[in-house]
Amino acid sequence: MELEKYSFGIGDRFGFECAAQLRALQKAGESGIRIVPVWNKSNREHLIAGTVPEDARKAADKAVRQCGWTDSYYVDADHIGMETAGAFLPTHDFFTIDVADYIGKPVSADAASSFIASMSHYKGTLSIPNMPTPIQLTDQVLADFARKYLQAMSEAGNVYRHIAEKKGAGNFITEVSVDEARNPQSPAELLLILAAIAREGIPLQTIAPKFTGSFLKGVDYVGDPQQFDREFNDDLAVIAFAVSSFNLPQNLKLSIHTGSDKFTLYPLMHRAIKRMGAGIHLKTAGTTWLEEAAGFAASGGGGLALAKDIYRESYGRYDELCAPYLAVINIDKRQLPAPEQVAGWGAEEFVQALRHDPLCNQYNPHLRQLLHIGFKVAAGMKSRFVPMLDTCRDAIEENVTFNLYERHIRLLFMGQA
Ligand SMILES: [Zn+2]
């Protein structure tokens, strides 16, 4: 099973928008850009939304039938490890092995010295094609890497073999993610991570590093775009080098997590992948749930009332909702409007505050992030939430397709402004 050059992780918190999501990819296809869908959902999101892995598979299959999609599609067990992989094995064909928790765990002296010896050929000043500054692979760099990352890559190997034993090698796509690490990985660290993964025998097709700057839920990139651009280009060069040097799959590419709404970065990424002829996988999830919320609000009446109630309860449960997401949100509580104030808003005011339009004065990224993690509140209101999806279906589907196609696909994959 070989993942195509361009793929889009279109996670759907509740699984009701898969067809509207798929239509965005169909529009890209009509414009001559082939992008395949990957429906990703983590164990954590299943627990919060009250769904099981099989639901994600059923929702994907249904959308594919409904839209007459004839190209490949995948269902991604996102951020799984040894304990959580099992529930996804029967239905999923894409596994994102998350080993961030194993970074810095002690590694045996034998494993470390054997890895370091295997890299002796690359030691010293290592020039990588298409990378302006060579990598310095000193003994110290190699020893530091082994101490920090080698045990994590060994765990990735364990999880990969566990999945392969059940599903059969070649019957699924493997991603390894270290995007939830505390610190970003340098291009040199990425190179060594790929070397270690190759030594584990993992047929890696996507790798999710942690990039410089902040990738926050549902809002634009926070950081220095020029520095990101340099590192992103270096990462692409490192991947191309690793593929040929370590015998990794030819289609290996970067996977960008928390990838929605990074409007500042898409033009840079587009230029870089075009320059290198590289593929890319962009992972999103909550941006679709926010379009459902915007669709409720835009519909007025009961939809708007529901959106306001979800906001009110999210505001009241602020600490509880933020806790699992502290690394990927940045909400200034003082910038959140009081629920009493929101209660007086009309449809337009609510939508303007929520919608990610950086040029709109009313746009409030704090409210947007709170509602992003407020899907837990919506999950608790299922008896109201699910029928209201039907009531507001037209507005929601239009939003979902528009958001993915106009704000994401056109910028990243097609290079249009
Ligand atoms: Zn991630």
Side-chain angles (χ1 to χ4, degrees), residues 8-11 13 21 24 35 40 177 179-180 184 208-233 235 254-273 280-295 297 311 314 321-322 325-337 349-375 399-417:
F8 198 176
I10 43 174
R13 295 281 191 241
Q21 293 177 319
I35 310 167
N40 51 276
S177 70
D179 66 301
E180 293 190 359
K210 182 179 176 71
F211 294 102
T212 184
S214 295
F215 281 66
L216 305 174
K217 295 283 177 195
V219 295
D220 204 349
Y221 177 67
V222 181
D224 176 356
Q226 280 181 328
Q227 191 191 348
F228 174 86
D229 195 27
R230 280 193 297 276
E231 290 185 13
F232 187 79
N233 275 278
D235 285 349
L254 284 172
S255 170
I256 318 292
H257 283 211
T258 316
S260 81
D261 298 274
K262 303 299 174 281
F263 304 149
T264 304
L265 301 184
Y266 298 148
L268 309 177
M269 290 180 181
H270 178 78
R271 210 179 318 131
I273 57 175
I280 195 160
H281 181 59
L282 186 81
K283 245 183 228 199
T284 72
T287 196
T288 285
W289 142 243
L290 287 176
E291 295 306 325
E292 287 177 321
Y311 180 74
S314 301
L321 295 179
C322 290
Y325 290 103
L326 286 177
V328 282
I329 52 173
N330 185 10
I331 302 175
D332 180 353
K333 218 177 164 182
R334 291 162 306 180
Q335 305 292 324
L336 290 172
E349 278 168 291
F350 197 108
V351 172
Q352 283 183 347
L354 171 59
R355 181 167 285 154
H356 192 176
D357 176 0
L359 298 177
C360 173
N361 286 332
Q362 309 309 315
Y363 166 54
N364 183 332
H366 307 279
L367 173 139
R368 183 171 168 86
Q369 289 180 84
L370 179 60
L371 278 173
H372 193 292
I373 53 176
F375 79 98
N399 282 351
V400 168
T401 307
F402 182 92
N403 177 47
L404 294 182
Y405 183 71
E406 296 291 339
R407 299 199 187 97
H408 293 85
I409 290 172
R410 271 167 40 101
L411 275 66
L412 175 64
F413 294 101
M414 300 164 78
Q416 296 170 354

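In this structure the side chain of Glu291 never reaches within 4.5 angstrom of the side chain of Leu404, judged on heavy atoms. Between Pro209 and Leu254 the shortest side-chain heavy-atom distance falls below 4.5 Å. Two residues are said to be in side-chain contact when any heavy atoms from C-beta on lie closer than 4.5 Å; Gln369 and Leu216 meet this criterion. Using a 4.5 Å heavy-atom threshold, the side chains of Met269 and Phe228 count as touching. Inter-residue side-chain proximity for Cys360 and Arg355 is flagged as unmet; no heavy-atom pair is nearer than 4.5 Å.
A donor-acceptor pair is defined here as one N or O able to donate and one able to accept, closer than 3.5 Å; no such pair exists between the side chain of Trp289 and the backbone of Gly374. Side chain of Lys262 to backbone of Val219: a donor-acceptor contact under 3.5 angstrom is found. Listed for the Asn40 side chain is a donor-acceptor partner under 3.5 Å among the backbone atoms of Thr284. With hydrogens and angles disregarded, a donor-acceptor distance shorter than 3.5 Å links the side chain of Asp220 to the backbone of Phe263. When atom types are taken as modelled, the side chain of Arg368 and the backbone of Gly218 share a donor-acceptor pair closer than 3.5 angstrom. Between the His408 side chain and the Asp261 main chain, a donor and an acceptor come within less than 3.5 Å of each other.
When every heavy atom of Asp224 is checked against every heavy atom of Gln226, the shortest pair comes out as OD1-N, 3.0 Å. Of all the heavy atoms in Gln21 and Val400, the pair that sits closest is CG-CG1, 3.7 Å. Asn330 approaches His366 most closely through the heavy-atom pair O-ND1, 4.0 Å. Taking both residues in full, the closest heavy atoms of Ala285 and Arg13 are given as CB-NH1, 3.5 Å, listed atom of the first, atom of the second, then distance. Nearest heavy-atom pair across Thr264 and Pro225 is CG2-CG, 3.8 Å. When all heavy atoms of Ala297 and Val351 are compared, the pair lying nearest together is CB-CG2, 3.8 Å.
The aromatic rings of Phe350 and Tyr311 sit perpendicular to each other, their planes meeting at more than 60°, with 30° as the lower class boundary. By the 30° and 60° cut-offs, the orientation of the rings of Phe215 relative to Tyr221 is perpendicular. Aromatic ring orientation, Tyr363 versus His356: parallel (interplanar angle below 30°, classes split at 30° and 60°).
Under the 3.5 Å distance criterion, with hydrogens and angles disregarded, no donor-acceptor pair is assigned to the side chains of Thr258 and Asp179.
Distance check: Ile373 CD1 to Ser314 OG gives 7.5 Å after rounding to the nearest 0.5 Å. The CG atom of Asp229 lies 12.0 Å from the OG1 atom of Thr212; values are rounded to the nearest 0.5 Å. Taken from CZ in Arg410 to OH in Tyr266, the straight-line distance is 14.0 Å, to the nearest 0.5 Å. Rounding to the nearest 0.5 Å gives a distance of 12.5 Å between CD of Gln227 and CZ of Phe211.
The side-chain contact (heavy atoms from CB on, under 4.5 Å) test with Phe8 singles out one residue from Leu412, Leu282, Ile280, and that residue is Leu282.
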